[in-house]
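Since the structure comes first, as structure tokens, the remarks are kept for the end.
As the structure is a computational prediction, the values presented were derived from the model and not from experiment.
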Amino acid sequence: MKRVYTCFCTDVIHEGHLNIIKEARKYGDVIVGVLSDEAMVRYNRFPVVSFEERVQMVTEIEGVSDVVIQKDIMYDQIIKKLKPDYVIHGDNWKTGPMKAIRDNVISALKEYGGEIIDVPYTYNENVRRIDARIQEKLAMPEYRRKRLRQLIGMCPIVKTIEVHSGLTGLIAEKTVVEHNGELDQFDAMWISSLCDSTAKGKPDIELVDMTSRFRTIDDVMEVTTKPIIFDGDTGGLTEHFVYTVRSLERMGVSAIIIEDKTGLKKNSLFGTEVVQTQDSIEHFCEKITAGKKIQLTDDFMIIARIESLILEQGMEDALKRAFAYVEAGADGIMIHSRKKDPAEILEFCDLFREKNQNTPIVVVPSSFNSITEAELAQHGVNIVIYANQLTRSAFPAMEQTAKDILKYHRAQEVDSRLMPIKDIISLIEEL
């Protein structure tokens with residue numbers, strides 16, 4: 001018998017999958033690959049059931065001869081191992097980012113004369129309803145909240161981008177690119193105090209109150225499933241901070257990052273150009289401990305942001321604070337710098353990792369933006385946050401469009417650089 005291979009990356013077996021198995025059986029013995037958790041994350045499909053459960057589901061399908069693990073989105077390694085005569089898949093992978101996967105399969109099969117079979121993709125009301133339920137489950141607080149910790153365990157580095165509205169949330173949620181034969185996407189979202197304030201036309205001095213900022217979270221959560229990291233500025237008074245933690249945890253936010261400064265907030269990138277007061281280690285530790293005590297689950301993370309390098313207090317002070325904050329209960333450390341050279345950030349990471357191998361490290365490469373994610377991961381960084389790039393890219397584009405409309409007294413001159421409105425609307429799904 002000839003061998004037919006297909007791979008499933010799903011938490012629910014529906015008629016579309018069964019149709020592929022039915023078609024595959026016409027050609028020979030059917031081997032089904034189950035995509036690993038790590039690979040599913042790269043495929044923009046976070047698993048809502050365990051890998052073992054997914055294997056069991058596939059094993060129980062009538063007509064399946066064998067079940068194997070596929071550890072990568074691309075098929076070349078599994079094809080090299082199994083050498084199937086055919087690889088079968090729904091024809092939805094013939095266009096868009098998934099085409100990179102199909103091209104990879106064609107290249108791998110070509111080495112020994114294997115063939116690819118494209119089956120018409122099954123998409124009806126029942127399948128649509130099942131897909132929608134999976135998305136709704138991913139968006140539920142109890143599933144979303146714990147996802148950041150899960151991603152830290154799965155990914156070499158968790159790629160996070162700022163969002164400040166439902167629309168920017170959809171961009172973070174749905175943007176998938178194919179580059180050099182690989183698929184990539186963002187893993188998490190950052191609700192920035194700066195960008196949230198800017199979107200509301202307010203200064204970044206903690207003027208926008210928590211009730212308003214929570215509304216932004218609601219807008220983003222309503223249309224997305226990815227985990228959220230919240231910019232908590234200084235955290236405010238300890239008595240207020242505990243309520244913020246409780247509220248965020250209940251909403252399904254995964255983490256809050258608070259910085260060890262006091263007084264009226266000034267953006268860190270001003271450094272010593274403006275008066276900024278760093279909190280005492282003792283007081284900031286008390287705030288962290290109070291926040292951890294109020295939590296109801298182990299899912300939520302409090303991440304301590306260290307401003308020592310920003311305020312030119314030196315590496316020794318930064319490390320002293322890092323170890324103290326971890327001892328007080330911090331679930332992660334964010335180290336910040338406004339230098340264009342990442343050397344001091346990498347030095348901190350290396351020195352911290354000499355004594356602490358497990359506590360997650362977060363960096364925000366706004367100034368030192370030449371360094372790659374892979375380089376950061378080599379120095380023990382777990383989360384990278386692109387903290388304001390969507391806001392900074394949108395403003396000049398909108399301003400130039402406004403100027404040109406005023407200049408030409410019509411919109412024709414700007415039309416070539418505008419996204420068609422139907423493409424924007426297509427991001428927004430109807431129930």
Side-chain angles (χ1 to χ4, degrees), residues 35-47 71-74 77 97 100 146-163 172 175-190 192 226-229 231 254-255 257 301-306 309-310 315 318-319 322-323 325-326 330-390:
L35 210 58
S36 68
D37 288 347
E38 293 79 4
M40 279 189 72
V41 169
R42 302 270 37 89
Y43 194 62
N44 205 19
R45 280 175 169 76
F46 197 94
K71 296 182 178 181
D72 191 75
I73 304 172
M74 298 301 171
Q77 292 303 311
K146 62 185 177 184
R147 201 164 305 141
L148 182 62
R149 287 190 184 273
Q150 293 172 318
L151 285 166
I152 290 171
M154 292 179 186
C155 303
I157 196 163
V158 178
K159 296 184 290 295
T160 308
I161 191 165
E162 68 95 354
V163 302
T175 301
V176 181
V177 299
E178 180 276 322
H179 182 65
N180 291 334
E182 294 289 340
L183 296 183
D184 216 345
Q185 47 134 8
F186 291 106
D187 303 300
M189 300 176 289
W190 167 246
S192 160
K226 293 184 177 180
I228 289 174
I229 304 173
D231 179 4
S254 295
I257 296 181
M301 300 176 70
I302 296 177
I303 298 172
R305 170 173 158 175
I306 298 170
L309 303 182
I310 289 283
M315 187 64 64
L319 289 165
F323 296 126
Y325 297 162
V326 172
D331 300 290
I333 294 295
M334 175 182 156
I335 185 65
H336 206 20
S337 171
R338 64 178 185 142
K339 292 184 178 179
K340 292 187 179 296
D341 186 340
E344 67 176 3
I345 288 289
L346 300 183
E347 180 185 358
F348 172 91
C349 293
D350 292 341
L351 291 171
F352 182 78
R353 282 287 178 247
E354 286 180 6
K355 294 184 178 181
N356 185 313
Q357 296 294 315
N358 300 317
T359 300
I361 298 176
V362 184
V363 299
V364 180
S366 296
S367 297
F368 49 99
N369 56 20
S370 62
I371 193 165
T372 66
E373 293 158 6
E375 290 171 319
L376 289 170
Q378 287 173 1
H379 291 269
V381 174
N382 303 94
I383 301 174
V384 58
I385 299 177
Y386 298 101
N388 49 41
Q389 280 76 9
L390 290 186

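Going from atom CD1 of I73 over to atom CE of M40 covers 11.0 Å, rounded to the nearest 0.5 Å. Atom CD1 of I335 sits about 7.5 Å away from atom CG of L319, to the nearest 0.5 Å. Note that the SG atom of C155 and the CG atom of D37 stand 10.5 Å from one another [nearest 0.5 Å]. The CH2 atom of W190 lies 13.5 Å from the CD1 atom of I161; values are rounded to the nearest 0.5 Å. Considering CD1 of I303 and CG of N382, their distance stands at 9.5 Å, rounded to 0.5 Å. Atom CD1 of I345 and atom NE2 of H336 lie 8.0 Å apart (nearest 0.5 Å).
At distances below 3.5 Å, at least one donor-acceptor pair connects side-chain atoms of Q185 with backbone N or O atoms of V41. Under the 3.5 Å distance criterion, the side-chain polar atoms of Q389 are matched with a main-chain donor or acceptor of A387. Side-chain atoms of K339 do not come within 3.5 Å of backbone N or O of E344 as any donor-acceptor pair. With hydrogens and angles disregarded, a donor-acceptor distance shorter than 3.5 Å links the side chain of D331 to the backbone of I302.
Side-chain contact check for F348 versus I333: some heavy-atom pair is nearer than 4.5 Å. Looking at L346 and I371, their side chains come closer than 4.5 Å, going by heavy atoms from C-beta outward. No side-chain heavy atom of I257 sits under 4.5 Å from any side-chain heavy atom of D231. Counting heavy atoms from C-beta outward, C349 and V381 have side chains that approach closer than 4.5 Å. Residues M315 and L351 have side chains in contact (heavy-atom distance under 4.5 Å, counting atoms from C-beta outward). Between M301 and R149 there is a side-chain heavy-atom pair separated by less than 4.5 Å.
Pairs passing the salt bridge (Lys or Arg N to Asp or Glu O under 4.0 Å) check and including a residue from residues 348-365, sequence neighbours excluded, do not occur.
The shortest non-hydrogen separation linking V163 to M189 is CG2-CB, 3.9 Å. Scanning both residues, T359 and G332, for their nearest heavy atoms gives CG2-CA, 3.7 Å. Closest heavy-atom contact between M154 and E38: O-CG, 3.6 Å. Considering every non-hydrogen atom in both N356 and F323, the closest pair reads CB-CE2, 4.3 Å. Of all the heavy atoms in S254 and L148, the pair that sits closest is CB-CB, 3.5 Å. Across all their heavy atoms, I157 and D187 have their closest contact at O-OD2, 3.7 Å.
Side chains of E162 and S192: a donor-acceptor N/O pair is absent below 3.5 angstrom, by distance only.
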- Query: Would D184 and H179 count as a side chain to side chain contact (heavy atoms under 4.5 Å, CB included) if you check the C-alpha gap in whole Å, the side-chain angles of each, and the deciding distance to 0.1 Å?
  - Reply: CA-CA 8 Å; D184 216 345; H179 182 65; over 6 Å; no
- Message: Could you walk me through whether T160 and V362 satisfy the side chain to side chain contact (heavy atoms under 4.5 Å, CB included) test, starting with their C-alpha distance in whole Å, then the side-chain angles of each, then the deciding distance to 0.1 Å, before giving a yes or no?
- Response: CA-CA 10 Å; T160 308; V362 184; over 6 Å; no
